[in-house]
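Comments concern the structure below.
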Amino acid sequence: MTGRPLRLVAALLLAALVAGCGGADTGPRAWHDGRIFLATGNTTGVYYQLGGGYADLISRHLPGYEARAEPTGASVENITRLAGGDMEIAFSLADTAADAVSGRGAFDGQPQPVRALARVYSNYTHVIVRTGGKIASFADLRGKRISTGSPKSGTDIIAGRLLTAGGIDPDRDIQRLNLSLPETVKRMRAGSLDAMFFSGGLPTPGINDLLASAPGAFRLLPLTELIEPLGARYGSVYTTATLPKEVYGTPAATPTITVANVILVAADMPDQLAYDLTRVLFTWQGELIRVHPEAANFTRESAALTEPIPLHPGAMRYYRNG
């Protein structure tokens with residue numbers, strides 16, 4: 001027995017013990033017995049760091065609830081587990097979440113019952129190649145050994161779309177490996193990969209470790225030439241930005257593709273809980289910034305702009321009324 005069923009049994013056993021000890025009535029029972037699990041991402045990514053920080057805020061500032069961040073394969077897995085009731089909160093890339101609510105892409109024909117609490121910081125697409133690997137441009141990725149991220153991750157989706165936009169079939173024209181970020185970094189260092197994709201906030205700890213461990217051995221590829229074919233197929237969900245050279249100590253800034261992140265909950269989450277979770281996110285945002293600087297890169301105004309992903313009514317009430 002794994003996942004939610006095991007945790008629910010544990011929660012019920014704890015409740016029974018409290019009742020058996022003559023505990024006082026604590027009022028209406030908390031949703032899911034007060035246990036909140038956050039689906040995040042790879043342990044060396046920003047989702048996991050911010051998820052841990054957010055879980056701590058919830059546990060400390062939302063009476064009746066205890067939250068815990070769980071490492072996952074990220075966006076697609078997170079949404080599947082959220083919709084299935086195994087998680088209460090999930091981080092996701094906005095493009096994957098848009099596919100989920102409309103029943104496209106990895107969720108073809110199966111719209112997922114998820115809603116947004118907030119649009120948060122943007123992910124930067126990192127395409128990293130070996131400096132000595134004879135990859136001078138995106139087109140040179142053809143035929144190479146490439147990690148496109150964990151299975152069922154937003155990184156894997158973006159990697160496939162970028163490769164297709166660049167005229168490269170991701171399943172035929174490269175040696176595609178679906179690896180977690182820690183495993184990808186390990187293989188890049190060992191020389192068994194020629195290139196890697198990762199979509200993450202700045203800085204992503206695993207990327208920082210890779211580039212800092214061997215200065216000059218790896219470099220970031222510019223990607224903005226791909227925004228036109230991406231936009232023609234997927235609309236305005238993808239944008240461009242410059243990854244500053246100061247972030248990883250690279251010789252120059254790198255133009256790249258970005259996509260927003262969203263925090264999702266199940267559509268059937270009680271309105272008051274969704275309101276309170278949103279309130280906690282902004283009331284103690286300063287503490288979250290100390291966990292990772294990307295927590296500074298969203299405001300109440302920008303967080304409400306989640307379309308085409310519907311806001312949860314509880315979150316909407318927070319943005320309208322505070």
N/O donor-acceptor pair under 3.5 Å between Gln112 side chain and Thr80 backbone: no

Polar side-chain atom of Glu88 near backbone of Phe37 as donor-acceptor pair, under 3.5 Å: yes

Met196 side chain near Thr155 side chain, heavy-atom distance below 4.5 Å: no

Backbone of Ala90 reached by a side-chain donor or acceptor of Tyr47 within 3.5 Å: no

Identified side-chain contact (heavy atoms from CB on, under 4.5 Å) counterpart of Asn78 within the set Leu93, Ile89, Leu264, Thr72: Thr72

Any pair counted as ring-ring contact (aromatic ring centres under 6.0 Å, His included), so long as it reaches residues 171-230, sequence neighbours left out: none

Full working for side-chain contact (heavy atoms from CB on, under 4.5 Å) between Tyr65 and His32: CA-CA 9 Å; Tyr65 286 93; His32 288 186; over 6 Å; no

Listed once per pair and sorted, the ring-ring contact (aromatic ring centres under 6.0 Å, His included) pairs that draw on residues 94-126, sequence neighbours left out: His126-Tyr248

Trace of the side-chain contact (heavy atoms from CB on, under 4.5 Å) decision for Arg279 with Leu62: CA-CA 10 Å; Arg279 175 180 55 80; Leu62 195 55; 4.0 Å; yes

Leu277 side chain reached by Ile36 side chain, heavy atoms, under 4.5 Å: yes

Tyr54 reachable from Leu273 in the ILVMFWY side-chain graph, under 4.5 Å edges: yes

Candidate pair Leu82 and Met269, rule side-chain contact (heavy atoms from CB on, under 4.5 Å), full reasoning: CA-CA 11 Å; Leu82 178 66; Met269 175 178 278; over 6 Å; no

Thr43 versus Pro182, closest heavy-atom pair with distance: OG1-CG, 4.1 Å

No-hydrogen, no-angle side-chain donor-acceptor test under 3.5 Å, Thr148 and Asn178: yes

Approximate separation, where rounding is to 0.5 Å, of Trp284 CH2 and Leu57 CG: 8.0 Å

Shortest non-hydrogen contact between Ala98 and Ile309, atoms and distance: N-CG1, 3.9 Å

With sequence neighbours excluded, residues passing side-chain contact (heavy atoms from CB on, under 4.5 Å) with Gln272: Tyr275, Asp276, Arg317

Short side-chain to backbone donor-acceptor contact, Arg130 and Met188, under 3.5 Å: yes

Pairs involving residues 142-152, ordered by first then second residue, that meet salt bridge (Lys or Arg N to Asp or Glu O under 4.0 Å) (sequence neighbours left out): Arg142-Asp173, Arg145-Asp194

Side-chain heavy-atom pair Pro113, Asp268 within 4.5 angstrom cut-off: no

Check: Thr204 side chain, Gly201 main-chain N or O, donor-acceptor pair, under 3.5 Å: yes

Flag side-chain contact, heavy atom, 4.5 Å: Pro205 against Val46: yes

Val259 to Ser199 - nearest heavy-atom pair and separation: CG1-OG, 4.2 Å

Student check: side-chain heavy atoms of Pro170 and Arg161 closer than 4.5 Å: no

Side-chain donor or acceptor of Thr40 paired with backbone N/O of Glu70 under 3.5 Å: yes

Min side-chain heavy-atom separation Arg176-Asp171 under 4.5 Å: yes

Pairwise distance CG(Leu163) to CZ(Arg172) - rounded to 0.5 angstrom: 14.5 Å

His312 NE2 to Thr306 OG1 distance, which is reported to the nearest 0.5 Å: 12.0 Å

Atom of Ser92, atom of Ile79 and distance for their closest heavy-atom approach: OG-CD1, 3.5 Å

Shared hydrophobic cluster for Phe138 and Tyr234 (ILVMFWY, side-chain gaps under 4.5 Å): yes

Heavy-atom closest contact (Gly154 atom, Ser75 atom, distance): N-CB, 3.5 Å

For the student: nearest non-hydrogen atoms of Leu50 and Ala295, plus distance: CD2-CB, 3.9 Å

Flag side-chain contact, heavy atom, 4.5 Å: Tyr48 against Phe91: no

Common cluster, Val237/Phe298, ILVMFWY with side-chain heavy-atom separation under 4.5 Å: yes

By side-chain contact (heavy atoms from CB on, under 4.5 Å) - contacts of Arg187 (at least two apart): Leu177, Leu179, Glu183, Ser192, Leu193

Whether Asp56 side chain and Gly53 backbone form a donor-acceptor pair below 3.5 Å: no

Partner residues of Ala118 under the side-chain contact (heavy atoms from CB on, under 4.5 Å) criterion, sequence neighbours left out: Val120, Leu281, Ala303, Tyr319

Short side-chain to backbone donor-acceptor contact, Thr256 and Thr125, under 3.5 Å: yes

Min side-chain heavy-atom separation Pro244-Leu202 under 4.5 Å: yes

Ser150 versus Asn42, side-chain donor and acceptor atoms under 3.5 Å: yes

Main-chain N/O of Ala67 paired to Ser59 side chain as donor or acceptor, under 3.5 Å: yes

